[in-house]
Amino acid sequence: MISFSNVSKEYPNGTHALKDVNLFIDKGEFVFVVGASGAGKSTLVKLITREEKPTSGKVMVNGYDLGALKRRQIPKFRRTVGMVFQDFRLIPNMNVYDNVAFALRVTNVSFRDIRRRVPYILGLVGLASKARSMPDQLSGGEQQRVALARALVNNPSLIIADEPTGNIDPELSFEIVDLLNEINRCGTTVIMVTHEHDLVAKFNRRVITLDSGVIASDRNDWRSSDESE
Ligand SMILES: Nc1ncnc2c1ncn2[C@@H]1O[C@H](COP(=O)(O)OP(=O)(O)OP(=O)(O)O)[C@@H](O)[C@H]1O
């Protein structure tokens, strides 16, 4: 569950990236966040992951009041959120298996559980046969699936993907969103920032449109709207 109550974000240089935003995303929803460059999409994501703090207002995510979160509580909170980025952010000198296992090792999961969980998650994203490959031996779509596996391996209740298909061919982009869709069907909340209107139209989910730091529209019936043309 995510809620924004009268949230504004002003960066130190005076840019008002978000202005008095009110928003509620329930557990289990799939939400696209769209909007022009500079509209405030990444700022919204950074407030949800507590990379940034609001200048005013209250952000609640998975039961945590992020404004009141102590520094030492941040890692525990972040384990409830899986993050996927446009540039994949894989560790280049680790193979696929280790990239995913690493996310578990840093949280002190036992060797036995890692050996059980990593192959399961790699199977889920269709990469069981690539476990020993290095990231630079994979296509963009495959690298993003590894990143997705890494985001999923801690069993987060929320996946937040900031332009996950931005560096991927259009055919493979569909596969990534399809995977996110499957993950969502199993109960995980998914928030995906994108510029790709084709994908948004194809999957027909809730769409939040940001414009100059405010929510310009928030709708569940994207396909029937004129904006999908
Ligand atoms: N660290 C920062 N310091 C100052 N201004 C910032 C910072 N980060 C973002 N901004 C500004 O805040 C506004 C919103 O930026 P944000 O990155 O949230 O937009 P966006 O919708 O994600 O854009 P894009 O689609 O280009 O990634 C922009 O005017 C941007 O220049």
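Order of appearance sets the numbers: ligands from 1, and atoms from 1 within every ligand. Atoms considered below: every heavy atom in the structure, side chains included; atoms not considered: hydrogens, waters and symmetry mates.
- Note that R89 lies in the cation-pi zone of F85, set by a 6.0 Å cut-off to the ring centre and a 45° limit from the axis.
- Taking the six-membered ring where the residue is Trp, F174 and F203 present tilted rings, their angle falling between 30° and 60°.
- Using modelled atom types, one finds no donor on one side chain facing an acceptor on the other under 3.5 Å when comparing N95 with S133.
- Using 4.0 Å as the threshold, K46 has no heavy atom nearer than that to any atom of ligand 1.
- With salt bridges taken as basic N to acidic carboxylate O contacts below 4.0 Å, one links D98 and R105.
- The shortest separation from a heavy atom of G35 to ligand 1 is not under 4.0 Å, leaving the residue out of contact.
- Within the 4.0 Å heavy-atom cutoff, P12 does not count among the residues contacting ligand 1.
- The shortest N/O to N/O separation between E52 and ligand 1 does not fall below 3.5 Å.
- Under the 4.0 angstrom criterion, atom 18 (O) of ligand 1 counts as having a protein heavy-atom contact.
- Remark: side-chain polar atoms of R206 are not paired, donor with acceptor, to backbone N or O of N220 under 3.5 angstrom.
- Of all the heavy atoms of T43, the ones lying under 4.0 Å from any atom of ligand 1 are found in both the backbone and the side chain.
- Taking atom 31 (O) of ligand 1 as the reference point, the nearest protein heavy-atom neighbour is T15 CG2, 4.7 Å.
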